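These figures come from a predicted structure and were not determined experimentally. Lettering follows sequence order; numbering is per chain, from 1.
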Amino acid sequence: MHILEVIKKEVVEGIDRLYGTKPDEKQIQFQKTRKEFEGDFTLVVFPFLRISKKGPEQTAADIGEFLTSSISVIENFNVVKGFLNLKLTNSFWLNHLNTILIDASFGIKKPDSSGKTLMVEYSSPNTNKPLHLGHIRNNLLGYSVAEILKANGHKVLKVNLVNDRGIHICKSMLAWQKWGNGATPEKTNIKGDKLVGNYYVKFDQEYKKEIAKLISDGFTEDEAKNKAPLLEEAREMLRKWEAGDKEVTELWKTMNNWVYAGFDVSYKKLGVDFDKVYYESETYKLGKEIVLEGLNKGILIKKEDGSIWADLTADGLDQKILLRSDGTSVYMTQDIGTAHQRFSEFALDNHLYVVGNEQNYHFQVLKLVLKKLGYDWSDNISHLSYGMVELPEGKMKSREGTVVDADDLIDEMVNTAKETSLELGKLNNLGEQEAAETFNMIGLGALKYFILKVDPKKTMLFNPQESIDFNGNTGPFLQYTHARICSIIRKAKDIGIVVPESVSMDSAIKPKEQELIKLLADFGNAIEEAGKLYSPAVIANFIYELAKEFNTFYHDFSILKEENVELKMFRLAVSQKVANVIKAGALLLGMNVPDRM
RNA sequence: GCCCCCAUAGUUCAAGGGAUAGAAUAGCAGUUUCCUAAACUGUAGAUACAGGUUCGAGUCCUGUUGGGGGUACCA
C-alpha cells in the first residue's frame, strides 16, 4: 500500500480519537510539501476545524503528534498556519528507492484482468489534401493517449478512420479530370497526397470564379454558391459514386491510392501507427440502413423533399440531417454506421474519439442520436476534444495557403537539429547513419514535446520561426539529460563499475538526492493522472521536472568522482533510474531519446 | 440571433478550492583547468474588468469586455 494511503487511514483514526468524530475521506487532502517548507507531505487541516473546534495551528499540532507516534516512518512534523508538514525518515526513502530500483518497468502497469478494452480513434484524415500541423497535433495526441492508456493496464486498439468518400473527395476528382492532363505522382514526381490536394485547391479556385460570374449575372450569393455548374457536377459525381458507377469508382480508387501512399510516408516519419484502419466508404451504407430503420420505427422524421432528420429540439439541440434529399449520406450517417460496427465487432468498455473541438457539437449529436436509436453503448463514447493550432496570423486555412505542411515541418525540425548539432560540435565521432538517426530523434523530439506539453484542451499557438527551440523546456532538454546520464553509465562500465540494483547507506540522504527519489516515486501517479485526463501534458511536465531536478543535482554533486563508495553507488543507481524514467515517459509521448547527443 | 470554449510575466506554457501564482524564452549579471555549457546560478517581470460564494478563489457563480469555435443537406 502506498504510504499516503497508510497515513490517510491514520488521519481518520486520529481525528476520531482526538475529537470523537470521523472525518469524510474526501476532506483529507494531501499534497507534496512545497520546497520552501520542511517536510515531504502536507496535510491541509482547515476542513477539520469544524470537528476539532480548535484553531488551525492547534488542530494541526494535535494530528501531527498523533501521526508521529503511530506511524514509525514519520520522523517529525511542523505546522505552518493550517498546514501540517510531515517529514518521513531517511530509511523510508531508501527502502522506497530500492522497491523502485528493483522494478524494471516501474510506473507502467501491465495489461491485466482489471484492465478495460478501449478503442482510440485518431488521425482520421480526408483523402483530398495532405496532412498539416493540425493533423500533427491530432496524431501525436492520439498515439500518446493510447500509449498512456496501455501503461494504465488497459487493452487499447488504435484505429484510424479514413474519410475517403463524400462531396469533398469528388471535388478533387473532378478537378483532376478537368485540368489534370493525366498527371500522376510518378510522372510529376509529386507526393500522392500533395498532388491530389493541388486539385482540391484548383476546384475551389474555379468554383469561386463561377460564383463571381453568377453574382455579376444577378444571382444572390447563396443562389450562386448553390447553382455553380462545378458544384452540380461534383454532386452528380457523388451520386454516381454511391450508385457504383464504374468509371467514377476507378478514378476514386486510383486517386485514393496515391493519397494513401503519401500518408504512409508521413505517418512513418511521425512514428504513429494503427491496429486497424476503417474506411468511411465501407461503413456509410450501414449508417444508411440504421437511419432508414430509425425512420421506420418512427424515431426519425422525413421531410417533404425526402431528406431524413433527427429532431433533437426537445433535448435543447437542433434538428440534424442524416440523409440528404437525394439519398446520399452525410458525415453523421457514416459515423453512426462506424460506431455500430465497432461496438458489434469488439466488446469495448469505452471508445475515445480524438477529434478537434470544432466538432464538439457533432459528437454531442452523435451520442444523442445513437441513444435515441436505442443503443445503450452510446454512453461509452468519449470525445477527446483538443484545441486548434493557430499561427501568429490566425487560423490555418488550406484554401488560402496558410497551412503548415506536416512533411515540410518535420523536415525543417530535423534539419535544424542537424545544424545545431554540427554547430555545437556534437556527434562528430558517430557514424553517418547513427548521426542521421540522432538528428531525426532530436528534431522530432522537439516537435512532439512542443505540441504535447500543452494541455490538449487548449488552443495553442505555433510560431514557425520561434517555436523551433532546443533550449529550456523542450524535447532536446530531456534527451540531453538522458544522454548525459548514459555517458556516465558508459564511463562507469569502462572502469568496471556495475550499477547496483539495490542500495544501502549509512550516511543521510541530501535534500537534492531525496528530492530525486520523491520525484521518481511519483511517476506512477503521473501516468494515472495522464490516463484519467487523457493528457500527455501531465507526462511531459513530469519528466521535465525530473530532468530539471537531475541537472541541478548533476551540477552540484560528483557521481563517479565521489570517494565514498556507498554514496557513489547510490548516486549511480539513482541516475540510472532517472534515465530510465525519462526514457519511459518520453516513449509515452511517442518520443525517442538518444544515448548520446 | 442562439449555443459552447478560452482569457495568467514582453512571448510560449504550468498551477487536482489551499501556503509567498511556477517554468521556459527574450532582457540583464554570472559559472567550463571538474562525470557532455543543448547545462547550471542570480536578477527583474503576470491572474482582462466588476461583483459574489468560501476560513481560503487564477481555479466555483453572475455580469462586462476581448478572442476562438459551432449552428439544419461540408467533413
First of A:Y361 and A:S487 reached from the 5' end of RNA chain B, by closest nucleotide: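 Whichever sits nearer the 5' end wins; that is A:S487.
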Residue met sooner reading RNA chain B from 5', once A:N541 and A:N126 are mapped to nucleotides: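 Taking each residue's closest nucleotide, the earlier one in sequence belongs to A:N541.
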What's the [atom1]-[atom2] distance between [X] and [N], to the nearest Å?
X	N	atom1	atom2	value
A:N138	B:rA75	CG	C1'	13 Å
A:K512	B:rU41	NZ	C1'	10 Å
A:L43	B:rG17	CG	C1'	15 Å
A:I485	B:rA39	CD1	P	14 Å
A:Y284	B:rC73	OH	C1'	17 Å
A:Q31	B:rG56	CD	C1'	12 Å
A:F41	B:rA19	CZ	P	18 Å
A:N78	B:rA19	CG	C1'	12 Å

Residues A:R165 and A:E242 bridged, charged N to O under 4.0 Å: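 A salt bridge is present here (some side-chain N lies under 4.0 Å from a carboxylate O).
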Full working for side chain to side chain contact (heavy atoms under 4.5 Å, CB included) between A:K457 and A:L533: CA-CA 10 Å; A:K457 290 193 286 288; A:L533 301 175; 5.8 Å; no
For [X], does the [atom1] atom have more than 12 heavy-atom neighbours from other residues, nucleotides or ligands under 6.0 Å away?
X	atom1	value
A:E25	CD	no
A:E393	CD	yes
A:R50	CZ	no

Under 4.0 Å, counting only non-hydrogen atoms across every strand here, what does [X] touch: a base, just sugar-phosphate, or nothing?
X	result
A:T42	base
A:F477	sugar-phosphate
A:S325	base
A:V44	base
A:Y449	nothing
A:E280	sugar-phosphate
A:I488	sugar-phosphate
A:D326	nothing
A:Q319	base
A:A537	nothing
A:M388	nothing
A:Q359	base
A:Q479	nothing
A:I167	sugar-phosphate

How far does the [atom1] atom of [N] sit from the matching atom of [M], given to the nearest Å?
N	M	atom1	value
B:rG45	B:rG10	C1'	9 Å
B:rA44	B:rU64	C1'	33 Å
B:rG22	B:rA15	P	14 Å
B:rG30	B:rA21	C1'	27 Å
B:rU59	B:rG1	P	27 Å

[X] ring over [N] six-membered base ring, under 5.5 Å and 30°:
X	N	value
A:F37	B:rA19	yes
A:F46	B:rG56	no
A:F83	B:rA19	yes

Qualifying salt bridge (Lys or Arg N to Asp or Glu O under 4.0 Å) pairs with a residue from residues 528-547 of chain A, counting only residues at least two apart or across chains: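 Checked against salt bridge (Lys or Arg N to Asp or Glu O under 4.0 Å) - neighbours excluded - the pairs reaching residues 528-547 of chain A are A:K109-A:E528.
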Which nucleotide sits closest to the side chain of [X]: [options]?
X	options	result
A:Y480	B:rG68, B:rU36, B:rU12	B:rU36
A:M597	B:rG18, B:rC13, B:rA38	B:rA38
A:Q29	B:rG18, B:rC35, B:rC40	B:rG18

Which pairs, protein N/O on one side and nucleotides 25-33 of chain B N/O on the other, fall under 3.5 Å?
none

Presence of donor-acceptor pair under 3.5 Å, side chain of A:S124 and base of B:rA75: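 Per atom types, no contact qualifies.
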Check: A:N85 side chain, B:rA19 base, donor-acceptor under 3.5 Å: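 Under the 3.5 Å cut-off, the side chain and the base do form a donor-acceptor pair.
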Show the distances under 3.5 angstrom between N or O atoms of the protein and N or O atoms of nucleotides 3-9 of chain B.
none

At under 4.0 Å, does any side-chain N or O of [X] touch on OP1 or OP2 of [N]?
X	N	answer
A:K453	B:rA14	no
A:K548	B:rA24	yes
A:R484	B:rA37	yes
A:R34	B:rG18	no

Examine the side chains of [X] and [Y] and answer whether a donor and an acceptor come within less than 3.5 Å of each other.
X	Y	value
A:N138	A:Y386	yes
A:Y449	A:N473	yes
A:N525	A:D522	yes
A:H383	A:N357	no

Determine, using ring centers only, whether [Y] and [X] are less than 6.0 Å apart.
X	Y	result
A:Y284	A:W241	yes
A:Y200	A:H168	no
A:F477	A:Y480	no

Anti or syn - B:rU8, cut at 90° from 0: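 What B:rU8 shows is an anti base, its glycosidic angle lying more than 90° from 0.
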Any residue meeting side-chain contact (heavy atoms from CB on, under 4.5 Å) with A:H482, in chain and number order, not counting sequence neighbours: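 Counting only residues at least two positions away or on another chain, A:H482 forms a side-chain contact (heavy atoms from CB on, under 4.5 Å) with A:C486, A:A579, A:I582, A:K583, A:V593, A:D595.
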Strand RNA chain B as a dot-bracket string - pairs counted if Watson-Crick or G-U with both distances under 3.5 Å, | where the partner lies in another strand: (((((((..((((....[...)))).(((((.......)))))....(((((..]....))))))))))))....
Check: A:E562 side chain, A:F557 main-chain N or O, donor-acceptor pair, under 3.5 Å: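 Not confirmed, A:E562 side chain does not pair with A:F557 backbone.
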side-chain hydrogen bond (donor to acceptor under 3.5 Å, both in side chains) partners for A:T127, two or more places apart: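 A:N256.
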